[in-house]
Amino acid sequence: MKPPVRLSELPKGAPAVVDRVHDAHAADPIAQRLRDLGFVDGEPVRVVAVGPLGADPLLIQIGSTRFALRRSEAQRVTVRQEAA
Amino acid sequence: MSASTLRIALVGNPNCGKTALFNQLTGGRQKVANYAGVTVERKEGRFTAPSGRVLQILDLPGTYSFDAASPDEQITRDVLEGNYPGEAAPDLIICVADATNLRLHLRFVLEVKRLGRPVVLALNMMDTARRRGIVIDVPELQRRLGVPVVETVAVKRGGAQALIERVDGEMPTAAPVQPDDADSRTDLHAQVRELLTATVTMPRATAEIDDALDRWALHPVFGLAILAAVMFLVFQAVYAAGKPMSDLIGGGFGWLGEHVAALMPAGPLQSLVANGLFGGLGTVLGFLPEILVLFLFILTLEESGYLPRAAFLLDRLMLSVGLTGRSFIPLLSSFACAIPGIMGTRSIQDPRDRLATILIAPLMTCSARLPVYALLIGAFIPIRYVFGVFNLQGIVLFSLYLVGILGAMAVGWVMKRVRRDKSEHALLMELPSYRMPKLRDVAIGLYERGAIFLKRLTGVILGLTVLMWFISTFPSPPAGATGPAINYSFAGYIGRGLQYIFAPIGFNWQISLALIPAFAARETAVAALATVYLVGGEAAGGLGHALAGQISLASALSLLVWFAYAPQCMSTLAVIRRETNSWRNVAISFGYMFGMAYAASFIVYQVTRMLT
Ligand SMILES: Nc1nc2c(ncn2[C@@H]2O[C@H](COP(=O)(O)OP(=O)(O)OP(=O)(O)O)[C@@H](O)[C@H]2O)c(=O)[nH]1
Ligand SMILES: [Mg+2]
């Protein structure tokens with residue numbers, strides 16, 4: 001298994017699982033919300049699409065839900081890619 | 001409150017069908033649409049259960065977790081915890097979950113259960129779940145959760161039968177209250193996973209059709225092209241489909257007015273009926289078809305699930321002008337009317353983004369301005385086809401909407417510059433499944449919009465039109481007066497007074513006067529102009545014709561631009577006051593729009609005059 005990378009660096013379509021969400025600063029509400037939305041250890045995630053300008057925002061599929069996240073938000077999440 | 005009234009709250013994640021269920025239970029007509037954050041207020045309704053018991057139902061804004069992130073989520077939290085002013089916590093909570101998206105929705109169910117109140121779980125959208133081959137072991141889920149579970153289809157008649165029976169039956173017992181802290185939250189996810197493995201089988205995580213459509217709709221190139229095409233189509237359709245019907249209605253009323261007037265003795269009353277009622281109101285009524293065509297598109301788009309996709313495509317662009325993709329839907333609603341648009345901003349988490357959106361929402365061309373645009377475009381812009389297919393009038397209309405949007409971007413950009421707090425903004429927006437809009441729902445929506453328009457017409461617009469007629473007719477000219485009678489009326493004096501302000505941007509006294517009632521309701525500008533010109537005896541052949549003869553192209557363009565930016569109506573100002581709780585924001589909003597409208601109209605008027 002490769003070392004965890006940031007979700008914002010995950011190539012489009014590559015399957016991965018969430019490692020964890022990192023607080024960008026103390027009591028980070030965005031990080032907490034991400035955890036509440038299901039970005040927790042072991043959840044499968046995938047980048048489904050990217051926005052037309054500057055490849056931002058990202059469309060993330062987690063479980064059966066699609067969330068649009070900005071790159072700065074996706075940076076808080078680290079993911080593990082399954083060894084190919 | 002009588003002892004037999006059971007108070008029930010509907011809660012759940014956004015877009016799971018709470019309001020659809022609420023409408024189904026209470027016979028209500030609250031807004032249902034396919035994106036997160038439709039309901040932003042607490043709404044109340046009642047229904048009588050088969051047992052004869054009266055149930056009071058609360059519809060609440062959707063929320064992902066009790067860690068409320070936006071003003072609408074806070075309302076839900078307060079109501080459930082009994083902290084909402086003037087309201088005790090509900091007796092029973094109906095937790096609604098989308099059966100096609102249980103991984104996300106069950107977590108909130110567990111969170112609600114921990115409040116320690118009686119809960120019933122409604123597994124909604126069972127129709128879609130079955131179609132997608134999702135199998136849920138309901139008895140097992142019920143056993144493991146320890147709360148009653150019923151299946152519902154909120155959008156089908158009788159689809160809430162099982163829920164009604166359950167709610168009408170014995171009160172479920174509440175789970176023990178449990179603390180809410182970071183550790184136990186991680187626990188919730190583990191519990192959800194366990195529940196899912198034990199009770200749910202899903203052949204596929206997403207609907208195949210969604211993936212296929214998104215490949216096109218979110219494509220960096222085709223996606224933007226599709227978005228532009230959709231928007232352009234809307235404005236072409238407003239003209240192509242609305243205009244012929246408008247002309248028919250307008251013509252019909254003119255004819256009717258003449259004939260009714262012929263039956264009446266000449267005098268002020270005849271003038272009121274012919275000029276004020278048939279001339280003024282009839283002209284406004286004529287624009288109902290355009291408004292309905294616009295709403296046909298808005299309602300269809302809202303239910304399709306496309307709007308959050310558009311927000312996704314535009315997020316980066318909106319961010320660069322100090323907004324967020326989340327502003328897109330409130331701003332789009334503002335094309336109907338700025339009031340629901342401004343209220344819709346409650347689903348924006350970031351207070352700075354929210355305020356910015358509120359301040360620019362009135363720059364989106366609301367449907368009340370459509371009659372003014374349609375009138376002037378019809379009078380001044382020739383019907384010509386560009387590239388054989390595009391109607392020039394439709395193109396001008398589209399450009400006016402664009403002028404509003406570009407203005408909003410400029411204002412947003414300036415606000416972003418002056419804002420001191422530059423910390424991060426979040427997007428975090430869910431994209432729903434696509435749904436086929438139901439003909440019946442769209443028809444009901446259109447009927448309601450039509451009814452609202454007619455109510456405005458027979459209420460505030462009628463009142464103002466009669467007032468305009470009155471001040472244009474009285475006082476009568478003194479004996480021996482030479483000029484037209486209207487010059488001696490109140491209207492003549494007020495209009496000429498206002499002209500000192502508006503002459504530099506090319507408005508004659510009639511137009512200047514019509515701007516006042518427009519402040520109460522935009523459409524009234526049309527009725528007021530019609531009345532003033534009719535009373536003045538200068539409107540033979542319809543208002544459009546009269547205007548074309550009376551004012552220059554430069555004035556007409558200036559007036560169009562004025563309405564694109566002009567200060568919002570009074571009701572909008574009142575809503576800004578309520579939503580931001582600040583008179584300062586009202587003053588800023590009114591002031592900047594007045595300045596912007598005046599400056600833009602001045603430039604357009606002076607430049608056009610030089611060129612023509
Ligand atoms: N197929 C199907 N669609 C449904 C069902 N219930 C609701 N919908 C659709 O789901 C969407 C959301 O419904 P709403 O009732 O507005 O959802 P809500 O939970 O009130 O959403 P918010 O107010 O944003 O929290 C709409 O497009 C509805 O037409 C159902 O049982 N089956
Ligand atoms: Mg709702």
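In this text, all values refer to a predicted model and were calculated from it rather than measured experimentally. Reminder, nothing fancy here: chain letters follow the sequence lines and each chain counts from 1. Just the heavy atoms: all of them, side chains too, but no hydrogens, waters or symmetry mates, feed the values below.
- A:Pro52 approaches B:Pro220 most closely through the heavy-atom pair CB-O, 3.5 Å.
- Neither the backbone nor the side chain of A:Val48 comes within less than 4.5 Å of any heavy atom of chain B.
- Looking at every heavy atom in both residues, B:Ala205 comes nearest to A:Gly63 through CB-O, 3.8 Å.
- One finds the CD1 atom of A:Ile60 at 11.5 Å from the CG atom of B:Leu431 (value rounded to the nearest 0.5 Å).
- With a threshold of 4.5 angstrom between heavy atoms, B:Leu319 approaches chain A through side-chain atoms but not through N, CA, C or O.
- Contact annotation for B:Pro432: only backbone heavy atoms (N, CA, C, O) come within less than 4.5 Å of a heavy atom of chain A.
- Annotation: side chain of B:Arg193 is in contact with side chain of A:Val40 (closest heavy-atom distance under 4.5 Å).
- Heavy-atom distances place both the backbone and the side chain of A:Glu43 under 4.5 Å from chain B.
- Neither the backbone nor the side chain of B:Arg326 comes within contact range of chain A; no heavy atoms are under 4.5 Å apart.
- Using a 4.5 Å cut-off between heavy atoms, A:Arg46 does not touch chain B at all.
- Considering B:Asn101, B:Asp98, B:Ile134 as possible partners of A:Ser64, the one that fulfils the side-chain contact (heavy atoms from CB on, under 4.5 Å) test is B:Asn101.
- Between A:Asp56 and B:Arg316, the closest heavy-atom pair is CB-NH1, 3.4 Å.
- Side-chain atoms of B:Glu430 do not come within 3.5 Å of backbone N or O of A:Arg66 as any donor-acceptor pair.
- For chain A, the option among B:Asp210, B:Thr100, B:Asp214 with the highest count of heavy-atom pairs below 4.5 Å is B:Asp210.
- Contact of A:Pro29 with chain B is not made at all, since no heavy-atom distance falls under 4.5 Å.
- Closest heavy-atom contact between B:Leu427 and A:Glu73: N-OE2, 2.5 Å.
- For B:Arg204, no part sits under 4.5 Å from any heavy atom of chain A, backbone or side chain.
- Under the 3.5 Å distance criterion, the side-chain polar atoms of B:His189 are left unmatched by any main-chain donor or acceptor of A:Leu37.
- Here CZ of B:Phe312 is found 13.5 Å from CZ of A:Phe67. Values are rounded to the nearest 0.5 Å.
- In this view, B:Ser65 and A:Arg33, A:Asp36, B:Asp67, B:Arg107, B:Glu111 satisfy the side-chain contact (heavy atoms from CB on, under 4.5 Å) rule, not counting sequence neighbours.
- Both the backbone and the side chain of B:Leu313 come within contact range of chain A, with heavy atoms under 4.5 Å apart.
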